Protein chains: 2
Amino acid sequence: MSDKPQTPTPLPAPATDPSAQTPRSLARAETERLILKAAEDVFAEYGFKGATTGKIADRAGIPKANLHYYFSTKEALYRQVVENIFQIWLDAANTFDDCDNPEEALTRYISAKMDISRQHPMGSKVWANEILHKAPVIQDYLETTLGEWTDTRIAVIERWIAEGRMAPIDPRSLLYMIWATTQHYADFNHQIHTLNNGEPLSDAQFERAKETVVAIILAGVGIRPAGLETKQNGGRA
Amino acid sequence: MSDKPQTPTPLPAPATDPSAQTPRSLARAETERLILKAAEDVFAEYGFKGATTGKIADRAGIPKANLHYYFSTKEALYRQVVENIFQIWLDAANTFDDCDNPEEALTRYISAKMDISRQHPMGSKVWANEILHKAPVIQDYLETTLGEWTDTRIAVIERWIAEGRMAPIDPRSLLYMIWATTQHYADFNHQIHTLNNGEPLSDAQFERAKETVVAIILAGVGIRPAGLETKQNGGRA
DNA sequence: ATGAAACCTGACCAAACGGTCAGGAAGACG
DNA sequence: CGTCTTCCTGACCGTTTGGTCAGGTTTCAT
C-alpha cells in the first residue's frame, strides 16, 4: 500500500476532549478528514484532471508537500473520496429493503436519495464526473457491487408487478429514472440555482421538489393513482 | 474575435460536386467540422482540462499546429462545441410548442430529448461537464436563453393544470425530471452499458426505455394515455 | 507562368503540475 | 535532559501541455 506512512496504532489515551489537546492519532484523523473534505470539493468543481494537489492543499489550509505526506498520490486521494461517496449511497440504498410495501419503499428510497443530493452534492458530482469519463477508477464497483444491488432490486420490483401492486413498467428504466432525477439536484445544482433567479433552493422549495418527484413516480408506476397530496400513509408491514 | 483567420468569403463557384474537388471554402468547412467532431468526443470523454489539443488533433488526423490554425485557442474550440450542442437542444425544445395538447406535447418532447441522448451522447456529456464545473463558459446562456425558455414552458404547464388537463404538480420539478431522465441516457451511458452486461443498449432496449419514461411521466402527471393497458385510475389499494 | 494568399507542419518554448527530498519543528518517553 | 518518531515545509525537478513561429506547400486569379 504505502498510501500513508502507516498508522502505528499507539492510541495513548481515550482522549475525552478531541478538540482541545488533539493527541497524535486524533490529529492525524482530523487532518485526513480535512484533506478529504477539501479534495471532495475541489474534485467536484474541477474534475480529476482540473483539480490540482495545490488547490486541494490550499483549501485544506496546508502546504502541498504536507498533503503528499498524508496521501502519496493524487489518485490515491481521489479513490478514497470516491469510495466514501459510494459507501454513503450504499447505506441509503438499504432504505429500499426495509419494507415490502412498494409505496413506502419507493417513497423512502427517493427521499433518501434526494436528501443525499441536498447534503452531499459534491460527492454526487465526483461520482457523475467519474461516470462521464468512463469510470477509470471505479469500474470494478460498477461491475460488482452496483450490478448486484441493481439486479436484486429489479427482482423485487418485478415481483411487485407480478403481484399486481404496480403497473407493468420496465423496472430498470424506473431505477435509472430515480437515480437520474434525484442526482440531478446535486449534479446540476448550479443550473437549478441559476434558473432560480440566482438563489439556491430554499428548504421549502427543495421539500416541494422532493414531494413532486415522489408523487410523479408513485403515480407514474400506478401506485395511489388519485392521491397526490393526500398523505395518509397506510400501515406498515 | 480572431478565433479563425477570418473567412474571406470568396466562394469561387457553386461547386456542384462537393466531394470531388473540394474548393477552398468547402475544404475549410469540412476540416472545421472534422475538428469539431473530434473535439466533441475528446471533451466529452476527458473534460475540458483533461482534453488536450494534441489528443483532439490526433483524433482529427491532423497535426496539433494545424488545429491551432483553425481554432486559435482550446477555449475557443470548446466554446464552439458547447454552442453547437445548445443549438441542437433548442431545436428539439420546439417540439414542445407545436401543439397545445399536454399528452402529445410531453410525449414528443420527451421522445425528442431521448433521441438526442441516443444520437448525440457526447454533446450531452460536454454540457453536463460544463454544468458540473459551474458553467465557466456558458453561464450567460443559462441566465438568458435557457431561463426564458423555461419560464414560458412553465407558464404553459401551469395553464394546463389550471384547465384541469394535468395533475397539480410543480411544473419546474417536472421539467427538471424530464431533463434529468432523458440526459441520463447520454451522460451515464457508460454506467447503463456496464449494468447491461457490458453491452450497449440495443435499439429495442432503448425504445422500451423511451416508452417507459414517457409512460411513467404521463401517468405521473395524471394524463391517461390510450397506451398503458392495465390500471385505469380509480382503484385505491 | 507568377505572385499572392491560404494552408500546413516540425520544432520549439514558457508555464503549470505531480511528486520528491533534505532538513527542521514538535511531541513522546526514558 | 537526550533521543527517537512523527509531523511539517520550502525548494526543487522532470514531464506535460497550450500555444508560437519560421518556413514550406498548395491553390487560384491574372
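Note that the structure is predicted; figures quoted are calculated from it, not measured. Labels below follow one simple rule: chain letters A, B, ... track the order of the sequence lines, proteins then strands, and each chain is numbered from 1.
In this structure, of D/dC7, C/dC17, D/dT9, it is D/dC7 that holds the atom nearest to the side chain of A/Arg28. Looking at the side chain of A/Ala65, the nearest of the listed nucleotides D/dC8, C/dC21, C/dG19 is C/dC21. Of the candidates C/dC8, C/dC17, D/dC7, the closest approach to any side-chain atom of A/Tyr70 belongs to D/dC7. The side chain of B/Thr73 lies closest to D/dG19 when the candidates are D/dC7, C/dC7, D/dG19. Distance from the side chain of B/His68 is smallest to D/dG19 among C/dG10, D/dG19, D/dG10. Side chain of B/Tyr69, nearest nucleotide from D/dC7, D/dG18, C/dC7: C/dC7.
Across the protein-nucleic acid pair, B/Leu67 atom CG and C/dG10 atom P stand 14 Å apart, rounded to whole Å. Atom CG in B/Asn66 sits roughly 13 Å away from atom C1' in D/dG24 (whole-Å rounding). Atom CD1 in B/Ile35 sits roughly 15 Å away from atom P in D/dG18 (whole-Å rounding). The interatomic distance linking B/Glu75 (CD) with D/dT17 (P) rounds to 18 Å, in whole Å. In this structure, A/Tyr78 atom OH and C/dG19 atom C1' are separated by 20 Å, rounded to whole Å. The interatomic distance linking B/Asp58 (CG) with D/dT16 (P) rounds to 14 Å, in whole Å. For the pair A/Lys74 NZ and D/dT16 C1', the computed distance is 12 Å after rounding to whole Å. Separating the NZ atom of A/Lys49 from the C1' atom of C/dC17 is a distance of 9 Å, rounded to the nearest angstrom.
Across all strands shown, A/Ala57 has no heavy atoms under 4.0 Å from either base or sugar-phosphate atoms.
B/Glu83 and B/Tyr141 share a donor-acceptor pair across their side chains, judged by distance under 3.5 Å alone.
For B/Glu75, the CD atom sits in a loose shell: 12 or fewer heavy atoms of surrounding residues, nucleotides or ligands are nearer than 6.0 Å.
Residues B/Glu211 and B/Arg208 are not paired through a salt bridge, judged by the lack of any N-O separation under 4.0 Å between the basic side chain and the carboxylate.
For B/Thr52 and D/dT17, the shortest distance from a side-chain N or O to OP1 or OP2 is not below 4.0 Å.
The aromatic rings of B/Trp179 and B/Tyr176 lie tilted to each other, with the angle between the two planes from 30° to 60°.
Formation of a donor-acceptor pair under 3.5 Å by the A/Thr181 side chain with backbone atoms of A/Ile178 is not found in this model.
Put simply, the side chain of A/Lys64 and the base of C/dG19 share a donor and an acceptor less than 3.5 Å apart.
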